[in-house]
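First up is the structure itself, then whatever we jot down about it.
Throughout, protein chains are lettered first and strands after them, A, B, ... in sequence-line order, and every chain is numbered starting at 1. Values below: every heavy atom of this structure, side chains too, minus hydrogens, waters and symmetry copies. Everything numeric here is computed off the predicted structure, so don't read it as measured data.
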Amino acid sequence: MAIDVNTLADAIARANQSMTSLTDVLNAADAKLGDGDTGTMLARLIGAFASVDVRNAPDLGAGFMALAKAGAASTGSSLGTLIITAMMTAGKLTAGQKDMDWSRLGDTIAAIRDAAMARGKAELGAKTIIDGLDALARAVDGKDDPTAIAVAARNAMDQVLAEFRQRPSAMGRARMFAEKSVGLDDPGMLGLAEIIRAVIADHGATPLA
Amino acid sequence: MAIDVNTLADAIARANQSMTSLTDVLNAADAKLGDGDTGTMLARLIGAFASVDVRNAPDLGAGFMALAKAGAASTGSSLGTLIITAMMTAGKLTAGQKDMDWSRLGDTIAAIRDAAMARGKAELGAKTIIDGLDALARAVDGKDDPTAIAVAARNAMDQVLAEFRQRPSAMGRARMFAEKSVGLDDPGMLGLAEIIRAVIADHGATPLA
Amino acid sequence: MKKLINDPANYVDEMLDGLCLAHPGLKRVGDDRRAIARDVPMRQGKVGVVSGGGSGHLPLFTGYVGQGLLDACAIGNVFEGPTINSCQDAIAAANGGAGVLCLFGNYGGDKMNFEMASEFAAMENIETRSVLGTDDIASASPEEAHKRRGVAGLIFAYKAAGALAEAGGNLDAVASVAQKVVDRTRTIGVALSSCQIPGAAGPNFTIADDEIEFGMGIHGEPGIWRHKIRPADALVDEMISMLLAERPADASRVAVLVNSLGSTPFEELFILYRRVAQQLDAAGLTIVRPLIGPYVTSMEMGGASISLCFLDDEIEGLLAAAADCPFWKVG
Amino acid sequence: MKKLINDPANYVDEMLDGLCLAHPGLKRVGDDRRAIARDVPMRQGKVGVVSGGGSGHLPLFTGYVGQGLLDACAIGNVFEGPTINSCQDAIAAANGGAGVLCLFGNYGGDKMNFEMASEFAAMENIETRSVLGTDDIASASPEEAHKRRGVAGLIFAYKAAGALAEAGGNLDAVASVAQKVVDRTRTIGVALSSCQIPGAAGPNFTIADDEIEFGMGIHGEPGIWRHKIRPADALVDEMISMLLAERPADASRVAVLVNSLGSTPFEELFILYRRVAQQLDAAGLTIVRPLIGPYVTSMEMGGASISLCFLDDEIEGLLAAAADCPFWKVG
Ligand SMILES: Nc1ncnc2c1ncn2[C@@H]1O[C@H](COP(=O)(O)OP(=O)(O)O)[C@@H](O)[C@H]1O
Ligand SMILES: Nc1ncnc2c1ncn2[C@@H]1O[C@H](COP(=O)(O)OP(=O)(O)O)[C@@H](O)[C@H]1O
Ligand SMILES: [Mg+2]
Ligand SMILES: [Mg+2]
Ligand SMILES: [Mg+2]
Ligand SMILES: [Mg+2]
């Protein structure tokens, strides 16, 4: 069993579904110090992803690239562009491949993290979605069982949110109010965590701690 | 005894003095339906009059003309221009004369009324300063004693205000709200009445009715 | 209402100083320097075109002094007519020996003051004519069109009269083309929020957060109705249908001005213009030289007006002639 | 906050339609037509100059497409960067075979999107350079000038780059003159009141009735201080002294922009300009080509900014070159 265009399409459908309730939550998180559009923007972007016919893509790489293309037409926000970067990175890594082993997921997310860092000129530790990606990559690294991956991913997201909540933001709009950001979740990192939670929901995993 | 440059200068001094308290009263009257500047504007205009050296004018006509000239430099409002018209009219009627008999005051005010009507394209009965001038001209007509004139003038102004209070405005800004103007004094007419009251105050006259 | 000003008593003078510093083609003239004239000497033999009005409406009035437009302009305090003297100063500055057209909005004080100034000018052998802007269709019925207030559409009359004067038209011809433009120009506005006179205790009028006033004048004079705000397209439809109700039978081409009263941004003007263009097209009218922007304002008042100038060949030619002032450049 | 709009979802598209209807020299291009290009074909061999940014700042960004200025411009939703595709569309439209300069404000999303678009352009053999506007001195210290936001001063870089491209400068030359203008341009703004994104539940920020924020950005980004309002002259003095603290040693001539953020009327801009002119004169600087008006706005935001572009002979010549777009005409 491996990740193929159907796995990808299922994940997108679930993520898109989750945006119904997530949009307001993420907007509210962004409104605390930013311009309050993280939810709206993610909903628009994932809605664009959902309207792509990924299942009929010739291969997994082409599926990711089709998502990147749809995204490039639908968002101008920083977070959106980082997600498009993620799709392009995954697309390049899986170019021409029908599927990808679960065991390669960790490396893929690590590559996405690095590409996003390069694109966003962001460091680790700045309290952005990138710290979320980093935690995720490390948590799933070396695992090949989808359920074990789901459990690890969910726990990693809970932990990274908790860890960074007490730290100041150094990137994005919130950096203007670095002190005020202490105690608040970064909206991009929170969005990643919530979407991952939605995507793996049917694995029935519960946090370890 | 007749009206000369000193009579004129005294009247202006008293009118100017009265504006200290009148400004707000007249602004408030204008603010009900107009732009609330009748008091400010009159204060500025009469202040300009007060700074003219009328006592040293070569004759009464020149005194009036000097006032008209000062006014022409200091106001752009309708009421102001009507008052300047009044000064020019009186100036023409008394051109070259050292003084003017009190008995001629009625005719002079009548001439001012007519000139203001021509200048303002206003009819009698429209509830403006012109109805005040009309009542004044008729009240002092034929009289030659300053005290009798003062008593008649004061009564005439009380009566014309009372008479027009219940009628709608047909000129000036308040015409836009003709119905709402019923029950309110016209600010121009009120200004005329109050200034006359101030000018003749030391005649100690009390209303007849 | 916050303003970036110093002492309100100096508002007009500091504003005029800034205007002339920024635009050296303009200068202040007259004893109290409350008239603006062009910095080049008046061409002898050319008819002068002057205007005047209260401050607070920039670019109107003084902003339209320039080549092919106004020769001079009298300016009063905020929302107050210019003094008789300022009107005289403007007329004197625009005197090139061929007479002067006084072209201004139909407001009581302005009318009286230009009338008196014209009488003084006559004593100095300067011939004048007066033409009054009466384009605001909200302010009186078509039967009483001469009672209408002058608002944004006045600038089309400036342009045509200025162009004909530049081209050598005589006083009667310049006055009569100005009158023709006035007769063929209609404006309707909608106000969203008030402005405030510098130094005043409060705004000029109040209007509820979700209401607009249709037909309100540029000093806050009452309009036709006050209701809940509607979509822009619906408002434009109502405005255009009122304007077209007075369309001259011969008109097939039209100049358009979609004007901001102050705080309404360009974005909204273009949204309005989109619908204006659709509706005029549907009515079989061809738009010529649309103007979109803050051309006649009431300081920070929110809202917009639409003006239509129904063209004939003469007016169209004059609107196309070269002109150059700080706020309007043609050719 | 009331707006003259239809469905907020259609705000940008209806605005762009109106813009292009009013100014037929502009056209919408790209799949979703979120780039504006000139209606004349790109001259082969000429370097293209493009910009891009969110909606809500007209005349910026799209309003500066025109001869001797921008060749094309990508536009996003209100206060949102343009999409990668729109950036690509703008670059493609401005491609005359001699490379394209991407000249835009220093904002995270815009930077990433132009960067990605440039990578795609490279695959199609279109060479690009990027220069970022960083004129807002309130947004970072001089040592971190590269972190500063781009605000109103960007239009001086448009003008210089556009003029050099028009005159046949190659890509490196055009990029380097744009960078030089950016390096010599400084802006500081003061905000009085907020704007509101169409469809949003409330204003973008709040500010007390008697307070102003010094140094606030054009999306309401925090400034340097928030205090009671002061007289205009005192504010100008503080603004000018901050701007002159970064005056290049060789600068004796300066281009000035006194810009309305939206609802601040011309009258107030001229009151500000009067003091700006006095202060620059006192500092021994000669003002060249002052611009006063709404050039870079945030819809109905109240407030103003002052930009100084410290000239050298090359920049001064380029600013004087003929240019023609809907909102800025030179020569
Ligand atoms: N340069 C960057 N590098 C990494 N992450 C970023 C960067 N800029 C923004 N982000 C992420 O994007 C999130 C904000 O997203 P969003 O609200 O859509 O953007 P915007 O600030 O443009 O409105 C932040 O919480 C942060 O996680
Ligand atoms: N055309 C006119 N004819 C006669 N009186 C007039 C005319 N216009 C205005 N007035 C008088 O002027 C008064 C208003 O004065 P003021 O407030 O100074 O003028 P404005 O309306 O220009 O602010 C009115 O109450 C009325 O008495
Ligand atoms: Mg955001
Ligand atoms: Mg009044
Ligand atoms: Mg008044
Ligand atoms: Mg955003």
Side-chain angles (χ1 to χ4, degrees), chain C residues 1-7 10-12 14-19 21-22 55-56 58-59 63 78 190 192-193 195 198 209-212 229 231-235 258 262-277 287 290 292-294 297 299-300 302-304 326-327 329, chain D residues 1-7 10-12 14-19 21-23 55-56 58-59 63 78 190 192-193 195 198 209-212 229 231-235 258 262-275 277 287 290 292-294 297 299-300 302-304 326-327 329:
Chain C
M1 224 162 260
K2 282 170 274 191
K3 289 178 187 280
L4 292 169
I5 60 174
N6 298 299
D7 184 343
N10 301 330
Y11 182 86
V12 175
E14 291 179 354
M15 175 271 284
L16 293 176
D17 279 345
L19 175 73
L21 276 169
S55 292
L58 278 179
V78 175
V190 56
L192 275 65
S193 60
C195 55
D209 269 356
D210 58 349
E211 284 191 342
I212 58 175
I229 189 160
D233 284 358
L235 279 170
V258 176
S263 59
T264 292
F266 285 113
E267 283 80 2
E268 295 175 34
L269 300 182
F270 286 120
I271 289 174
L272 295 174
Y273 180 70
R274 171 182 167 276
R275 185 66 168 192
V276 168
I287 297 179
I292 289 98
T297 67
M299 297 181 289
E300 61 278 306
F327 298 91
K329 199 166 167 171
Chain D
M1 226 161 258
K2 282 170 274 191
K3 290 177 186 280
L4 291 170
I5 60 174
N6 298 299
D7 184 343
N10 301 329
Y11 182 86
V12 174
E14 292 180 353
M15 175 271 283
L16 293 177
D17 279 345
L19 175 73
L21 277 168
H23 301 288
S55 291
L58 278 178
V78 175
V190 56
L192 276 66
S193 61
C195 55
D209 268 356
D210 59 349
E211 283 190 343
I212 58 176
I229 188 158
D233 284 358
L235 280 170
V258 177
S263 59
T264 292
F266 285 114
E267 283 81 2
E268 296 175 34
L269 300 182
F270 285 121
I271 289 174
L272 296 174
Y273 180 71
R274 172 182 166 278
R275 186 67 169 193
I287 297 179
I292 290 99
T297 68
M299 295 180 291
E300 61 280 306
F327 298 91
K329 201 167 163 166

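For the set D:Ser55, D:Gly302, D:Gly56, the count of heavy-atom pairs under 4.5 angstrom toward chain C peaks at D:Gly56. Between chain D and the residues C:Arg275, C:Lys329, C:Met299, the most heavy-atom pairs under 4.5 angstrom are made by C:Met299.
Of the atoms belonging to C:Leu235, it is side-chain heavy atoms, and not backbone ones, that fall under 4.5 Å from chain D. For C:Ala277, the part sitting under 4.5 Å from any heavy atom of chain D is the side chain, from C-beta outward, and nothing else. If you measure heavy-atom distances from C:Ile229 to chain D, the contacts under 4.5 Å come from the side chain alone. In this structure, chain D has heavy atoms under 4.5 Å from both the backbone and the side chain of C:Leu58. For chain D, the nearby parts of C:Pro59 are the backbone and the side chain; heavy atoms of each come within less than 4.5 Å.
In this view, C:Ser263 and C:Ser193, D:Ser263 satisfy the side chain to side chain contact (heavy atoms under 4.5 Å, CB included) rule, not counting sequence neighbours. For the side chain to side chain contact (heavy atoms under 4.5 Å, CB included) test, residues two or more places apart in sequence or in another chain that qualify with C:Ile5 are C:Lys3, C:Pro8, C:Tyr11, C:Pro198, D:Glu268, D:Ile271.
Of the residues C:Asn6, C:Asn10, C:Asp7, the one that meets the side-chain contact (heavy atoms from CB on, under 4.5 Å) test with D:Asp233 is C:Asn6.
Taking each heavy atom of C:Lys2 and D:Leu192 in turn, the nearest pair found is NZ-O, 2.5 Å. Pairing each heavy atom of C:Gly18 with each of D:Tyr273, the nearest pair is O-CD2, 3.7 Å.
Interatomic distance, D:Met15 CE to C:Glu267 CD, rounded to the nearest 0.5 Å: 5.0 Å. How far CZ of D:Arg274 is from CG of C:Leu16: 11.0 Å, rounded to the nearest 0.5 Å.
Around CG of D:Asp209, the count of heavy atoms belonging to other residues, nucleotides or ligands within 6.0 Å does not exceed 12.
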